[in-house]
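One structure is given here, and the rest of the page talks about it.
Hydrogens, waters and symmetry mates play no part in the numbers below; they use all other heavy atoms, side chains included. Bear in mind that the values here come from a model prediction, so they are computed numbers and not experimental data.
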Amino acid sequence: MHPVIPNTEQSQWLRERGCRDVELCFADVSGFARGKTLPREAFIGGQTLRIARAVAIQSCVGEFPDYRFYGENDPDATLRPDLSTLRPVPWASTPRALVLCDCVDLDGALTPFAPRSALKRVLAGYAARGLQPVVAPELEFYIFAANPDPAQPFQAPPLRSGRRELGFDSFSFTTLNDLEAFFDDVYRGCELLGIATDTWVHEMGPSQFEINLKHGDALALADQTFLFKTLLKETGNRHGLNVVCMAKPLAGQPGSSMHLHQSLVGHDGSNVFSDRHGNESALFHHFIAGLQTHLPKLMPMFCPSPNSYRRFVKGLAAPVNVSWGLDNRSVGLRIPQGGPEARRVENRLPGCDANPYLSLAASLGAGLLGIEDSLQPSAPAQGNVFKQADSELLPNTLDAALAAMQGADSVSRLFGEAFSLAYAAVKEVELQHFHGEITPWERRYLSLLA
């Protein structure tokens with residue numbers, strides 16, 4: 001494999017900024033940033049770095065699935081920098097840079113279970129049809145006070161008044177102003193990292209917020225979302241705050257989603273979800289039908305932890321169905337109001353805990369399968385789907401979702417058998433840990449039984 005060498009302008013930029021090191025990083029299946037750091041001049045010289053192939057499928061508890069899923073001899077993968085992503089590290093005290101990498105196997109092919117590889121595989125399927133997905137994620141998250149003891153519940157940070165927010169203060173500016181120093185640093189970080197933000201709002205939960213990213217190329221937006229979540233955590237740490245992207249961090253409070261707006265454009269840049277008369281196209285219906293057919297089997301990629309499924313509470317705008325409808329927030333697949341050029345599908349299933357590469361790959365991949373198979377959707381839903389007894393329910397635990405995924409061919413069709421087996425193995429490791437825990441609920445009530 002030929003070394004990836006920065007051009008003269010990039011090399012000069014690194015030297016002028018006084019960057020001591022360059023972080024070569026990628027997202028593992030849980031969305032954690034992994035990688036290695038190179039001295040600046042070694043990076044400029046094109047030094048190649050390798051990392052254990054298994055790191056891409058390290059579980060959130062730090063353990064790995066059995067070696068048969070990544071190679072009996074524990075082989076390496078090469079970190080291949082995508083130089084278009086070279087950026088300064090906003091949270092660094094000593095100047096350094098980062099660059100996002102693809103994981104490449106020793107045979108030169110993308111490592112199949114690296115999340116960026118999975119998304120690239122789906123995007124290649126669209127490119128073969130002359131199509132390009134355009135996406136825009138919406139992320140909800142909580143900002144809590146420091147929480148050194150994970151056995152204790154999260155708390156909103158104290159505000160200028162000395163009190164803590166109680167929630168249900170959506171679209172208020174008060175807490176935004178109280179946390180101004182934190183948000184100022186996040187804004188600066190977004191500018192440095194090339195993250196194009198759009199709307200910021202206070203959501204319904206106590207110290208819960210939402211950020212919308214501007215629409216664009218799917219791979220670029222996955223990169224931006226991954227960096228944004230990392231930026232939130234690092235900036236929170238610098239301010240003594242705990243930014244939490246769990247799907248349901250507080251009992252009795254709204255969960256945090258990552259809604260995905262999706263459309264497709266052709267070679268001429270026009271939205272192919274609309275026909276030449278501005279009406280819904282056949283391809284639009286195939287895409288929706290693919291989501292309806294395959295999303296229930298891909299749920300572990302949208303809702304990757306046992307906690308993810310606590311978010312699905314009827315009446316709290318968290319979908320528990322794959323119905324679709326126009327400007328209807330009770331459906332899992334919402335079609336926002338807009339003109340023909342803005343026609344898109346909002347997938348409301350993913351939680352903010354989802355890996356952005358994998359959730360986009362699964363959502364776009366489901367739509368691609370619908371196009372390939374010319375599937376037809378159900379009739380659009382009318383009214384409040386939460387109140388309709390015949391609305392299709394999704395798996396309500398990770399155990400059930402994983403069983404549904406392993407019994408279907410959706411994942412292997414989209415990402416290959418190696419990814420399908422490895423991802424399921426990671427989730428099994430995490431579930432084994434989860435089911436080994438004794439919860440406060442069990443101690444509170446079951447200890448009283450005779």
So does [X] pair up with [Y], basic N to acidic O under 4.0 Å?
X: R343; Y: D275; result: no
X: E191; Y: R188; result: no
X: R116; Y: D223; result: yes
X: D353; Y: R311; result: no
X: E23; Y: K36; result: no
X: R238; Y: D185; result: no
X: D178; Y: R160; result: yes

Side-chain contact test, heavy atoms from C-beta onward, threshold under 4.5 Å: evaluate it for [X] versus [Y] and give yes or no.
X: R34; Y: F32; answer: yes
X: L231; Y: P90; answer: yes
X: F209; Y: I143; answer: yes

Quick one about [Y] and [X] (side-chain donor to acceptor, distance below 3.5 Å, no hydrogens or angles considered), yes or no?
X: E280; Y: S274; answer: no
X: E63; Y: H433; answer: yes
X: D217; Y: Q132; answer: yes
X: S256; Y: Q208; answer: yes
X: S30; Y: Q58; answer: no
X: H202; Y: E165; answer: yes
X: S363; Y: N347; answer: yes
X: S420; Y: E417; answer: no
X: S59; Y: E430; answer: no

For the student: nearest non-hydrogen atoms of A196 and Q224, plus distance: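 Nearest heavy atoms, A196 then Q224: N-OE1, 3.0 Å.
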
Any chance CD of Q432 has more than 12 other-residue heavy atoms, nucleotides or ligands included, within less than 6.0 Å?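 Count not over threshold, so no.
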
Would you say that more than 12 heavy atoms from the other residues, nucleotides or ligands in this model lie under 6.0 Å from the CZ of R310, or not?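 Check fails, neighbour count at 12 or below.
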
Nearest 0.5 angstrom please: I211 CD1 to W200 CH2, how far?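 Those atoms lie 4.5 Å apart.
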
Please report the interatomic distance CG(L166) to CD(Q253), rounded to the nearest 0.5 Å.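 So the CG of L166 and the CD of Q253 are separated by 8.5 Å.
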
